[in-house]
Engineer: 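The following block contains the structure, expressed as structure tokens.
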Amino acid sequence: MKYIFFFSYLFIFATTTAQTPDKIKFQKNSSLIYFFQKGTSKDSVIKNSSDLFYLVIPDSLKKHVVVYVENGKLIKTANDSIVKLNYMQGLKYESQFVINELPVEANSKSLKKKFEMISLINGASSYSKNKILIQIINKKEEKVVVENIFFY
């Protein structure tokens, strides 16, 4: 009887004084913009070798973000987060995201909103012919978020 009382007392004491595990909470950060080269990271761009880049912009920022490219043009690919950098000597391009409304099904009236990237010419480049300047600008806050220089 003495042992049962001792073990029950020990069990109750252990459960009441045991620490509860802390929960770690992660908050999704919707203000981060990622732009980096696919594969090995270099400071040079070689056609059909190192001309693919990851461009990840959250949907909440896509309507406020503009990408300026001097001596090059960003071309969308089949993957929505990968773009191809096409060397265009002496030209400046501006890329932005527009909203397209597509029907969910063939005969339905409900529409699905989808962002599409378009690139438009923005004049002549003032950079030297072997440098490519890429600037990602948040127009809402009027500041440059990412700026990279690559060599062709």
Side-chain angles (χ1 to χ4, degrees), residues 13-152:
F13 179 74
T15 56
T16 58
T17 59
Q19 294 179 348
T20 58
D22 292 333
K23 293 182 180 179
I24 299 173
K25 295 182 181 181
F26 292 98
Q27 182 177 1
K28 185 177 179 182
N29 194 344
S30 62
S31 65
L32 295 178
I33 296 174
Y34 298 102
F35 181 78
F36 55 93
Q37 236 173 349
K38 184 178 178 183
T40 58
S41 185
K42 304 175 188 175
D43 65 345
S44 60
V45 175
I46 301 168
K47 187 174 185 176
N48 296 329
S49 175
S50 62
D51 59 351
L52 293 176
F53 290 83
Y54 286 104
L55 177 64
V56 180
I57 301 173
D59 286 343
S60 61
L61 292 177
K62 281 186 178 177
K63 54 188 160 188
H64 304 293
V65 170
V66 176
V67 182
Y68 291 107
V69 182
E70 292 206 29
N71 289 329
K73 176 182 179 182
L74 291 179
I75 301 171
K76 63 182 177 179
T77 61
N79 189 332
D80 64 343
S81 62
I82 296 178
V83 293
K84 183 175 183 172
L85 180 61
N86 191 15
Y87 178 70
M88 306 285 279
Q89 180 182 345
L91 295 175
K92 190 184 329 182
Y93 277 85
E94 177 179 326
S95 300
Q96 59 187 7
F97 291 91
V98 294
I99 299 175
N100 284 341
E101 293 182 344
L102 304 170
V104 177
E105 294 177 7
N107 295 327
S108 71
K109 291 185 179 182
S110 61
L111 299 174
K112 178 183 175 185
K113 293 183 179 182
K114 183 180 178 185
F115 283 99
E116 298 254 346
M117 186 182 80
I118 59 169
S119 294
L120 304 170
I121 194 164
N122 195 16
S125 175
S126 60
Y127 251 58
S128 63
K129 65 180 183 177
N130 67 333
K131 289 185 180 180
I132 300 172
L133 171 71
I134 299 173
Q135 287 183 329
I136 300 176
I137 298 174
N138 186 341
K139 286 202 153 202
K140 186 177 183 181
E141 296 177 5
E142 298 285 331
K143 69 177 185 176
V144 176
V145 180
V146 176
E147 182 174 10
N148 285 337
I149 298 173
F150 294 97
F151 296 97
Y152 187 76

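Note: hydrogens, waters and symmetry copies are ignored here, and every other heavy atom, side chains too, is used. In this chain, residues are counted from 1 in sequence order.
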Engineer: As an exercise, state the distance from CZ of Phe35 to CD1 of Ile57, rounded to the nearest 0.5 Å.
Structural biologist: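 Between atom CZ of Phe35 and atom CD1 of Ile57 there are 9.5 Å.
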Engineer: After noting the C-alpha distance and the side-chain angles of Tyr87 and Lys129, does the key distance pass the side chain to side chain contact (heavy atoms under 4.5 Å, CB included) rule?
Structural biologist: CA-CA 10 Å; Tyr87 178 70; Lys129 65 180 183 177; 4.0 Å; yes
Engineer: Do Asn48 and Lys84 touch side chain to side chain, with heavy atoms closer than 4.5 Å?
Structural biologist: yes
Engineer: Measuring from atom CD1 of Ile137 to atom NE2 of His64, what distance do you get when rounded to the nearest 0.5 angstrom?
Structural biologist: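 Interatomic distance, Ile137 CD1 to His64 NE2, rounded to 0.5 Å: 15.0 Å.
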Engineer: Please check if atom CZ in Phe115 has more than 12 non-hydrogen atoms from other residues, nucleotides or ligands closer than 6.0 Å.
Structural biologist: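 For Phe115, atom CZ is crowded (more than 12 foreign heavy atoms under 6.0 Å).
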Engineer: Considering only heavy atoms from C-beta outward, does the side chain of Leu55 approach that of Met117 to under 4.5 Å?
Structural biologist: yes
Engineer: With a 4.5 Å cut-off on side-chain heavy atoms, are Val65 and Ile136 touching?
Structural biologist: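 Yes - at least one pair of side-chain heavy atoms lies under 4.5 Å apart.
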Engineer: Atom CZ in Phe151, atom CD1 in Ile132: separation rounded to 0.5 Å?
Structural biologist: 10.0 Å
Engineer: Could you state the interatomic distance from CG (Leu120) to NZ (Lys92), rounded to the nearest 0.5 Å?
Structural biologist: 14.0 Å
Engineer: Of all the heavy-atom pairs spanning Phe150 and Val45, show the shortest one and how long it is.
Structural biologist: CB-CG2, 3.7 Å
Engineer: Look up atom CD1 in Ile134 and atom CZ in Phe53, then write down how far apart they are to the nearest 0.5 Å.
Structural biologist: 5.0 Å
Engineer: I need the minimum non-hydrogen distance between Ser44 and Ser50, along with the two atoms involved.
Structural biologist: O-OG, 3.5 Å
Engineer: Compare all side-chain heavy atoms of Ile121 with those of Tyr93 and state whether any distance is below 4.5 angstrom.
Structural biologist: yes
Engineer: Nearest 0.5 angstrom please: Lys63 NZ to Ile99 CD1, how far?
Structural biologist: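 Between atom NZ of Lys63 and atom CD1 of Ile99 there are 6.0 Å.
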Engineer: Are any side-chain N or O atoms of Ser125 and backbone N or O atoms of Glu70, one a donor and one an acceptor, separated by less than 3.5 Å?
Structural biologist: no
Engineer: Over 60° means perpendicular and under 30° means parallel, so classify the ring planes of Tyr54 and Phe36, tilted if in between.
Structural biologist: tilted
Engineer: State, with a plain yes or no, whether a side-chain heavy atom of Leu74 is found less than 4.5 Å away from one of Leu85.
Structural biologist: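 The answer is yes, as the side chains (C-beta and beyond) meet within the 4.5 Å cut-off.
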Engineer: Are side-chain heavy atoms of Tyr152 and Asn71 found at a separation under 4.5 Å?
Structural biologist: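 They are not in side-chain contact.
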Engineer: Find out whether Glu94 and Val66 are in side-chain contact, i.e. whether some heavy atom of one side chain is under 4.5 Å from a heavy atom of the other.
Structural biologist: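 They are in side-chain contact.
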Engineer: Find out whether Phe97 and Glu116 are in side-chain contact, i.e. whether some heavy atom of one side chain is under 4.5 Å from a heavy atom of the other.
Structural biologist: no
